[in-house]
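The structure presented is a predicted model; accordingly, all values stated were derived computationally and were not measured.
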Amino acid sequence: MFEELMKTLRSLESRTVSVPIKADAKGYMDMQCPAKACEFLCKVNEEDWKNICKDESVWCPMCRHEAPPNQWFSIAQVEHAQKEAISMLQGEINQAMRSDASIFNRQQPRGGLISMSMEVKGGSHRTYVLPAPAAEAMQLEIQCEACAARFAVIGSAYFCPACGFNSVKRTFADSLRKIRAKKDGEDAVRTALSEVIGKDEAELTCRSLRESCLTDGIAAFQKYCEGLYEPFGSAPMNSFQRIDDGNDLWRRALGAGYYDWLSSPEARDLMILYQKRHLLAHQEGIVDERYLQKSEDTTYKLSQRIVISRADIDVLLKLLEKLSIALSENCGRA
Ligand SMILES: [Zn+2]
Ligand SMILES: [Zn+2]
């Protein structure tokens with residue numbers, strides 16, 4: 001009795017169950033960063049996963065955590081696989097018990113005084129696994145400039161999962177997108193916050209959000225310049241945070257700088273914005289002598305508090321974009 005069941009149970013000791021993973025409609029497979037603090041969910045093209053990603057390492061597009069390929073299953077895939085494995089084994093046990101029962105029933109003598117029969121009820125009958133379904137396709141598809149691997153994310157990403165490459169150009173474009181989203185979302189944020197924390201606090205938050213657009217934009221451009229400047233040597237620390245120093249470095253490296261690519265009014269606007277960032281970072285936004293002298297901004301007097309308007313952010317984005325294009329073209333020729 002129970003021979004089939006015992007055989008099945010013994011076979012479980014050395015058993016592995018493999019659960020296939022499905023790609024989404026666009027041919028991308030889910031992957032999730034195994035770093036607990038990150039757990040960034042993204043997708044990589046199925047073909048590129050096989051052909052371009054390395055056997056030793058895969059990188060997280062968000063935090064650049066590096067781990068072997070077998071650690072990138074998504075939490076949903078792992079949960080699905082566990083459920084499927086248990087269901088399949090339950091099915092096999094159930095089937096073994098059914099077959100034991102049918103042998104037992106066949107072996108019963110007929111026509112006796114007492115008749116015995118065995119019946120196995122309930123349990124799962126499925127003895128195969130269903131593949132893990134893919135999460136919904138993601139809008140933002142990216143192709144790595146270095147290795148050509150294709151991957152997809154929600155929001156933004158900094159690193160290629162197949163080679164870890166960080167594209168300064170894409171990172172900069174993403175930063176400008178984030179700043180634009182912050183600026184355009186201001187009214188919605190104000191309305192939503194007014195109801196929860198009141199008008200005064202909502203206004204304060206929106207002002208801080210707008211000011212952060214200015215500091216974010218200049219920081220993003222600094223990073224972009226540092227990345228592009230790498231082939232020309234190492235620039236002194238934070239030189240790209242100062243417009244004149246950055247201009248001098250580019251003039252020496254490329255023979256042209258910011259003031260060759262911007263008109264005089266544009267250069268003046270950019271200088272004012274850079275000096276405003278300096279005030280926000282170091283003087284709580286209060287106008288000092290240095291600001292008046294360097295920016296030549298006549299709209300403020302000493303000790304006033306500067307105001308960052310949405311128009312300022314529009315001007316900043318336009319000028320940084322213009323400079324980034326000129327830099328990219330000139331570096332490409334250098
Ligand atoms: Zn990560
Ligand atoms: Zn790559």
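Side-chain atoms of His65 never come within 3.5 Å of backbone atoms of Trp59 as a donor-acceptor pair (strictly under, hydrogens ignored). Using modelled atom types, no side-chain atom of Glu195 and backbone atom of Ala192 make a donor-acceptor pair closer than 3.5 Å. A side-chain donor-acceptor contact under 3.5 Å links Asp48 to the backbone of Arg150. The backbone N or O of Arg210 sits nowhere less than 3.5 Å from a side-chain atom of Lys182 that would complete a donor-acceptor pair. Remark: side-chain polar atoms of Gln77 are paired, donor with acceptor, to backbone N or O of Ser74 under 3.5 angstrom. Looking at His80, its side chain does come within 3.5 Å of a backbone N or O of Leu130 through a donor-acceptor pair. Although no hydrogens or angles enter the test, the distance criterion places no donor-acceptor pair under 3.5 Å between the side chain of Asn330 and the main chain of Leu327. A donor-acceptor pair under 3.5 Å is absent between the side-chain atoms of Tyr300 and the main chain of Ile306, judged by distance alone. One N or O on the side chain of Asp30 and one on the backbone of Ala135 form a donor-acceptor pair closer than 3.5 Å. Side-chain atoms of Arg177 come within 3.5 Å of backbone atoms of Gly155 as a donor-acceptor pair (strictly under, hydrogens ignored).
Note on Lys183 versus Glu186: no salt bridge recorded, every NZ/NE/NH1/NH2 to OD/OE distance being 4.0 Å or above. Under 4.0 Å is where a charged nitrogen must lie from a carboxylate oxygen, and between Lys7 and Glu4 at least one such pair does. The pair Glu66-Lys54 does not meet the salt-bridge criterion, since no charged nitrogen lies less than 4.0 angstrom from a carboxylate oxygen.
The CD1 atom of Ile142 sits 9.5 Å away from atom SG of Cys160, with the distance rounded to the nearest 0.5 Å. Atom CG of Leu270 is separated from atom OG of Ser295 by 12.5 Å, given to the nearest 0.5 angstrom. Between the CG atom of Asp312 and the OG atom of Ser309 there is a distance of 3.5 Å, given to the nearest 0.5 Å. If you take CG on Leu317 and CG on Leu273, they are separated by 10.0 Å, rounding to the nearest 0.5 Å. With rounding to the nearest 0.5 angstrom, the NZ atom of Lys43 is 11.5 Å from the CD atom of Gln32. Summarising the geometry, atom CZ belonging to Arg251 is positioned 12.5 Å from atom OH belonging to Tyr258; distances are rounded to the nearest 0.5 Å.
Side chain to side chain, Asn166 and Thr171 meet the donor-acceptor criterion of an N or O pair below 3.5 Å. If you check the side chains of Gln222 and Asn238, you find a donor sitting under 3.5 Å from an acceptor. There is no side-chain donor-acceptor pair under 3.5 Å between Thr127 and Gln95. Side-chain contact annotation: Ser167 with Glu145, donor-acceptor N/O pair under 3.5 Å present.
Atom OH of Tyr259 is surrounded by more than 12 heavy atoms from other residues, nucleotides or ligands within 6.0 Å. When the shell of 6.0 Å around CD of Glu141 is examined, it contains more than 12 heavy atoms from other residues, nucleotides or ligands. In Glu3, the CD atom is not crowded: 12 or fewer heavy atoms of neighbouring residues, nucleotides or ligands sit closer than 6.0 Å. Within 6.0 Å of CZ in Phe73 there are 12 or fewer heavy atoms belonging to other residues, nucleotides or ligands. Heavy-atom neighbours of Lys223 NZ from other residues, nucleotides or ligands within 6.0 Å: at or below the threshold of 12. By the 6.0 Å contact criterion, CG on Asp200 is open, its count of non-hydrogen atoms from other residues, nucleotides or ligands being 12 or less. No more than 12 heavy atoms of other residues, nucleotides or ligands sit less than 6.0 Å from atom NZ of Lys169.
Aromatic pair Phe165/Phe159: centroids not less than 6.0 angstrom apart.
For the residue pair Arg305 and Leu280, the shortest heavy atom distance occurs at NH1-CD2, 4.0 Å. Scanning all heavy atoms of the two residues, the minimum distance from Asp297 to Lys276 falls at OD2-CE, 4.3 Å. Contact between Ser156 and Leu140 at its shortest, heavy atoms only, is CA-CD2, 4.2 Å. Closest heavy-atom contact between Cys213 and Leu316: O-CD2, 3.9 Å. Taking both residues in full, the closest heavy atoms of Pro131 and Lys22 are given as CB-CG, 4.0 Å, listed atom of the first, atom of the second, then distance. Minimum heavy-atom separation, Phe151 to Ala157: CE1-CB, 4.2 Å.
Under a hydrophobic-cluster definition in which Ile, Leu, Val, Met, Phe, Trp and Tyr are linked whenever side-chain heavy atoms come within less than 4.5 Å, directly or via other members, Leu214 and Tyr274 are assigned to the same cluster. A single hydrophobic cluster is not seen to contain both Leu176 and Tyr158; linkage of ILVMFWY side chains at heavy-atom distances under 4.5 Å, directly or through other members, places them apart. The hydrophobic cluster containing Leu262 also contains Leu249, counting ILVMFWY residues as joined when their side-chain heavy atoms lie under 4.5 angstrom apart, directly or transitively.
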* **Phe240 vs Tyr229, ring pair (Phe, Tyr, Trp, His ring centres under 6.0 Å): CA-CA, chis, key distance, verdict** => CA-CA 10 Å; Phe240 287 112; Tyr229 193 79; 5.6 Å; yes
* **Full working for salt bridge (charged side-chain N to carboxylate O under 4.0 Å, His left out) between Glu266 and Lys322** => CA-CA 10 Å; Glu266 284 176 335; Lys322 188 170 181 180; 2.9 Å; yes
* Evaluate salt bridge (charged side-chain N to carboxylate O under 4.0 Å, His left out) for Lys36 paired with Glu39, printing each intermediate quantity in order. => CA-CA 6 Å; Lys36 270 272 154 268; Glu39 293 186 346; 2.8 Å; yes
* Asked: Are Glu47 and Lys50 close enough, and set up right, to give a salt bridge (charged side-chain N to carboxylate O under 4.0 Å, His left out), and what steps lead you there?
  -> CA-CA 5 Å; Glu47 291 304 311; Lys50 287 185 215 147; 3.8 Å; yes
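Partners of Arg290 under the side chain to side chain donor-acceptor pair (under 3.5 Å) rule, at least two apart in sequence or in another chain, are Gln275, His278. For Asp187, the side chain to side chain donor-acceptor pair (under 3.5 Å) criterion is met by Arg190, Arg310, not counting sequence neighbours.
By the 4.5 Å heavy-atom criterion applied to side chains, Ser87 and Arg126 are counted as neighbours. Side-chain contact between Val17 and Met88: present, with at least one pair of heavy atoms (C-beta onward) separated by less than 4.5 Å. In this structure, the side chains of Phe40 and Pro61 come closer than 4.5 Å at one or more pairs of heavy atoms. In this structure, Cys60 and Pro161 have side chains that are not in contact, with every pair of non-hydrogen atoms separated by 4.5 Å or more.
Judged by the 6.0 Å distance and 45° axis criteria, Arg106 is not positioned over the aromatic ring of Phe104.
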